[in-house]
Every structure is written in structure tokens, then in C-alpha cells.
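Contents: one structure, followed by commentary.
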Amino acid sequence: MTTQTTTALRTHSCGVLRTSDVGAAVRLAGWVDSNREHGEGLVFIDLRDRAGLTQLVFELESTTSEMVDPARKLRGEDVIAVEGVVRERLGGKNPRLETGDIEVVVQKLTILNKAESLPMRPTDKEGLPGEETRLRHRHIDLRRPRMQQILRTRHRVGQIMRAFLDNRGFSEIETPILFKTTPEGARDFLVPSRHHPGMFYALPQSPQILKQILMISGMDRYFQIVKCFRDEDLRADRQPEFTQLDIEMSFIEQEDVIELMSELFREMWREILGVEVGDIPRMTYHEAMERFGSDRPDLRYGLELVDISDIAQKTDFKVFTGALEKGGVVKAIRVPGGAKLTRKITDGYAEFVKQFGAGGLPVTKIENGAFATGVARFVEPVQKELMERLDCEEGDLIAFGADTRAVACRSLGELRIRIARDMEMVPAHGEQWKFLWVVDFPLVAWNEDEKRWDSMHHPFTAPTAEDLEKLETDPGSVLANAYDIVLNGSELGGGSVRIHSSDVQKRVFRLLGLGEEEARMKFGFFLDCLRHGAPPHGGIALGLDRIIMHLCDTDNIRDVIAFPKTQSGMDAMAGAPSEADAKQLDELFIKSTWTGEKQPG
RNA sequence: GGGGCGGUAGCUCAAUUGGUUAGAGUACCGGACUGUCGAUCCGGUGGUUGCGGGUUCGAGUCCCGUCCGCCUCGCCA
């Protein structure tokens, strides 16, 4: 890290002094990390800033008791400045510190700011406070070296992205935060308009339409590191406001985006981790769903789903035959060494898959070369065939999913992840980086509740040229020019080639049940743009927060955001959201209907 | 909206089957100490057991409600 840290108050940071500096007169400033006081004659202070720790020595041999006595009273997080001389440590060196070979003998101490006793200590060592405390006192939590390292990495990643794209002719262009509903399909955050009573801006769920308009405007290559807003429930990797690297390019095909982004990921992993990512393989959406039961498969372990419908057909097991009669499938996962899983555990798995719509989880084990326990007697007749298909070995467990294709794949896919975790088959962080492009997504998916087709990606995604003719006749089979980048089972981003013809756009809107009038009201301005000369274009958006999570080895998105929100969307530090005062509301012609009672239904 | 886990000193945690005055470490305060490095040693302050109600001779512990945090399904690319 090259850093210019010299200021009026200091000559060096707390992380840079070495034996080569012995004899130098220095001034340092920072926070008191610890105080080791040995009476009126000798005090050690560890001084901390973002660069590291430096040991300060106050001793009567070198200075007066007017300097040593105040040092004895220093407490954690007091802010001080000192003047002194660097010398080699007298009492043994500290190999755990980069500055552990030297110490600074202090001649002058200035107390810049005493700290009151703290609700928490900013230490990475054991006994980290609960997350609620950390979020409430974020100013202290962010003093922890770990948090500083994460935010510093986040900054560097942003710089890498900017330099990478700048070198390739991209322009960073800002787009409005106060805008209009955008087509991602999540709930919008709304901002009331004072000039236009009763009307609202929507915060963008992404700058999707705007970046497409920039392409129509001839900007050719756009990017932005930008906040996006979605008013949906939170998860460990989801915040209501999150950051994307948003990209759009003109006169391109899918391949251009994939190649460019692959190179960006290689560069980020090389620069931050010193890891060579290499070529990033591709897999179709269909294959990902069939083999892994997920559109973001984790390729770091096996446990693949295998279709055994044809074999299951030959059994008298009603769970199998019933599913097949209804047009479903039977799939299986072989769990190597899974025979040691207890009944209690496999019952737990059965409960687990129920939340994804499965009726239950038939299992059996391979003991003494044959099926034993569970549904063994039902699958006994096809034992040889089944064991061959699944490559079974002694001590395996077989778990079955018999249901509609969607439910069987999804439930076994989720189970696969859970089993891998339980059986410790997931490599430790940094051991394997399994990047994957998932391609050939369907354009639309059937929404059973609403009885209509929904966009898989968003309504501006282009169907492949070959499938264009099936748009009206067989929409479910139409593939899209859409792609996702996946790493170790987590989706890092996705994009598509866009529709650049207003005719195709209208047909897709019609397919989505978006009437002429509704489409005109929501996106009419954009349809007009498409008619005025739109170049072929496409792009992608990467989830910056999730990328940082991988680079910094955390599974908590709040760790990579300086001021994140809690699961209920609150800012624990500032106490947002909060009530607005009556005057503000009057100006906006807003009146809350909140009665303190939850709405029924 | 549903399911799960949790909330005890500033912080991290303990408290047997429901049973005496709710403990420990750390932080903080006072004292001792000239080579420590998460200093050590001695002493001390510190509690509405999230909040409200109930059961009981007796509740940190059991029951109901509620708030907050985390995980998760739905939701959301």
C-alpha cells in the first residue's frame, strides 16, 4: 500500500517504522490500543492507526514525570500525538507486529481527545460483540483492523474496475436516483414530490432503461458503480440498497460481454488475491438445473442429481410411479459415505425438502453390497440398474426426489448444498474458485399464481434470433441472450443482449400480458427511444457487495458495507427510518394511515 | 406473512428439576509494580435477567403477548 500519510500532526503512520528508522525523530498520532503500565517509571502504549500498531515507551530515564504520569492514565481509544525517537527494542522484539523490532521513546505527549469508556472494544480478537452492538456503535466497529481491511479492499476493487473499463473506452456516467419505476419486478421505494402533490418518484432498482438510452444516444460504452434500491425482505446476502457495477455496450453480441467480464474477474482476482482464475467454463441453464438443481451451481463438490425416471418406472413404488404418471420425474443424489447419516438426520432432510414443495425424501443406503433400510424394498427390483446408473459404492446413501421436474430439481438441489455443508465437502475459503457462466436462459417462465408469463431476466432481454418465431406459438421454449456469472454457488451478476427493435419489444410486452396502454404508461418514453435508431446493445450488472464478500471471505453482506441496514431495514446507528414531522408531511400532502394496528391479510 | 435460534453487568458468557443474596472473565475506578506486548498482582463500583401480563409459596428458568437481532421460506436476480 503506497500511502502519503505525513500531515501537520505526524511524520509517519503507525505501520511503517522499521529498524532502518532507528535514531529518527518522529511524530505519530493515533488511538491508544493498549496501556501496559509498570509504575511511575515505565509505561508502554500501543498506538494504533489504520496502518498498524507502534509501541510507545514512556520512561523516566528519557523524559520527566510530567510526561510519564499522564501516559499512565491513558485508556483505550484516547486520541494522542507524540514526539519521540525511534530505537531498537530493548526488552525483546515482537514478531507478531510489523513494527515489532522498534519502539518510539516518547519525549512529548499531547492528548488530543480523551475517550469515555466504550460500549465495545475495536478488537478482532475473541469475544466480538453481537452484531446488534456492532451496528449500533459502527464508528467503533469500523476501527477494527478487519473492517478497515474490508473497506480498503472494497475501495481497491472499485479502482480496478474503473481503470479496467476506462482502458477499454468506457465512460462512467451518472444516472438519476429520483426516477420512475424500472422493470425489475421488485417493490419500489417511493419518494413523494413536493412540486407535484400526490405524485412520486421511484428509486431505481437498477439504471436499466437509462443505460439502454445511453446506448441509443451513441455513448457506445457506459459503466457506473451505482446504488440500486429494492424494497424486499433482506437476507444474509441482500440489502435494500446495494451496489452494482453496471455496464452497457453497443454493437456487441453476448460473446463480447462474456469475454470482457471474464477478463475483469481474472484481473480482480489476480490483483487482490494473487490468484489466476483461468478460463471460465460455461453451462446452459438447462444443464445446471438438471445436474445441480440450481441456476447458480456450486461446482466445488459433486453430489450431482441423476435422472432415474426410466428405472423408477419399473418399480411398484407409488411415490415414483405416481410422480411419473403426473408428468414428473424421479431424480437421485448419491451421497458417498452417507450411510453413516443417522435416521434423525435423514428425517431432518425430509423436513428440509418439504419447504421447497417436496412431499418427502425417500432414502436408502448401500450396506453389504445391497440396498438396506429406508425404501430399500421398493427399489430392490431395480437394484443392479440403479447402482450402475449412480455408480454406487459401499457405504453410500441415495436420496430420491420424485415430483414435478421443477420441484424435484429444486428440492434436491437445495438438499445437495445442505448435505455438502453437513458432511464438510465444501472446501475452505480460497482453496477453490469455481467461476461459471450460466447461459441459454429461457426468456420467460410461467407464473402459475398469476396465470401468465413472467420475464426471467427483465422485459428488455432479447430472445435468440432462432427462437424469435416461437414467441407467440411456444413461448416457454424460447431461449434468451441472457447470461449469469456464478462463483462457488453464488450469483455475482447477470445481463443480456437487449431488444433493439420496437417491434420485437412490443411482441415481448404482449407475451408478458403488458397491454398496449400499460406498456405506454410505464415505458412509453422508452419505446419511443427504440424507434429513433437503437443500435444492437447489451450489458451486465455485477453485485459489488457480493464480489467483496468473496474476496474478503465473509458470508455476511453487512460486513462489506460501511453503514448497512438490519434485517428489518433499520439503521441501528442513526435510527432510520424515523417519523417525519407534521410540517414536512403537510408540504408533501402526505398523511399516514398507520393506526398502530397491523392490516389484516 | 410463515418457520427456527437468540436477548442475563458497558462487552463476552454462566446460573442443576422452578428454590438462599443472579456469578465469572473483560472493561471501568482505586492501589502496587522499570521491559511489557491481550502486562501482571490486590481491592472496588456495576443488574428493571428486552418489555408487558399470567401460573406458582417461590420465575432468569414454565405459559401468553409484544419488541429487537440473526438465519430461513415466501418475496427478491
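Hydrogens, waters and symmetry mates play no part in the numbers below; they use all other heavy atoms, side chains included. Order of the sequence lines sets the chain letters (A, B, ...), proteins ahead of strands, with each chain counted from 1.
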Practice prompt. Scan R296(A) against the nucleic acid and name what it touches under 4.0 Å (heavy atoms): base, sugar-phosphate only, or nothing.
Written response: nothing
With rounding to the closest Å, how many angstrom separate the [atom1] atoms on [N] and [M]?
| N | M | atom1 | value |
| --- | --- | --- | --- |
| G30(B) | U72(B) | P | 46 Å |
| C68(B) | A59(B) | C1' | 23 Å |
| A27(B) | G46(B) | C1' | 11 Å |

Excluding sequence neighbours, so at least two apart, what forms ring pair (Phe, Tyr, Trp, His ring centres under 6.0 Å) with [X]?
| X | result |
| --- | --- |
| F229(A) | none |
| Y285(A) | F441(A) |
| H429(A) | W433(A) |
| F563(A) | none |

Worksheet item: Quick one: what's the B/S/- string for nucleotides 32-41 of chain B, heavy-atom cutoff under 4.0 Å, read 5' to 3'?
Response: -BBBBBSB--
Worksheet entry | Nucleotide opposite A24(B) in a Watson-Crick or G-U pair, distances under 3.5 Å |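 Base partner found: U12(B).
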Worksheet item: For U40(B), what is the paired nucleotide under Watson-Crick or G-U wobble rules, both distances under 3.5 Å?
Response: A32(B)
Worksheet entry | Pairs satisfying salt bridge (charged side-chain N to carboxylate O under 4.0 Å, His left out), at least one member in residues 200-211 of chain A, at least two apart |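 Checked against salt bridge (charged side-chain N to carboxylate O under 4.0 Å, His left out) - neighbours excluded - the pairs reaching residues 200-211 of chain A are K211(A)-D246(A), K211(A)-E248(A).
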Worksheet, complete the sentence: So the salt bridge (charged side-chain N to carboxylate O under 4.0 Å, His left out) pairs with at least one residue in residues 347-358 of chain A (sequence neighbours excluded) are R343(A)-D347(A), E351(A)-K354(A)
Discussion item. For residues 51-105 of chain A, which residue pairs pass the ring-ring contact (aromatic ring centres under 6.0 Å, His included) check, not counting sequence neighbours?
Written reply: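 ring-ring contact (aromatic ring centres under 6.0 Å, His included) check on residues 51-105 of chain A returns no pairs.
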Discussion item. From C-beta outward on E232(A), which listed nucleotide comes closest to its side chain: A77(B), U12(B), C76(B)?
Written reply: C76(B)
Fill in: side chain to side chain donor-acceptor pair (under 3.5 Å) against E131(A), all qualifying residues, sequence neighbours excluded
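If we apply the side chain to side chain donor-acceptor pair (under 3.5 Å) test to E131(A), skipping adjacent residues, the hits are N556(A), R558(A).
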Practice prompt. Mind checking side chain to side chain donor-acceptor pair (under 3.5 Å) for R238(A) and listing every partner two or more places apart, or none if nothing turns up?
Written response: none
Item to complete: Give a yes/no answer on whether the side chain of R410(A) brings an N or O atom under 4.0 Å of OP1 or OP2 in G74(B).
Response: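 So the side-chain polar atoms of R410(A) do come within 4.0 Å of the phosphate oxygens OP1 or OP2 of G74(B), strictly under.
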Practice prompt. Compare side-chain N and O positions of R235(A) against OP1 and OP2 of C73(B) and report whether any pair is under 4.0 Å apart.
Written response: yes
Discussion item. Please give me every residue in residues 562-574 of chain A whose heavy atoms get under 4.0 Å of an atom in RNA chain B, ordered by residue number.
Written reply: T566(A), Q567(A), S568(A), M570(A)
Discussion item. So, under a plain 3.5 Å distance rule, would you say the side chain of R238(A) forms a donor-acceptor pair with the base of C76(B)?
Written reply: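 Yes.
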Please list, pair by pair, any protein nitrogen or oxygen found under 3.5 Å from a nitrogen or oxygen in nucleotides 26-31 of chain B.
residue: C29(B); atom: OP2; partner: R75(A); partner atom: NE; Å: 2.8

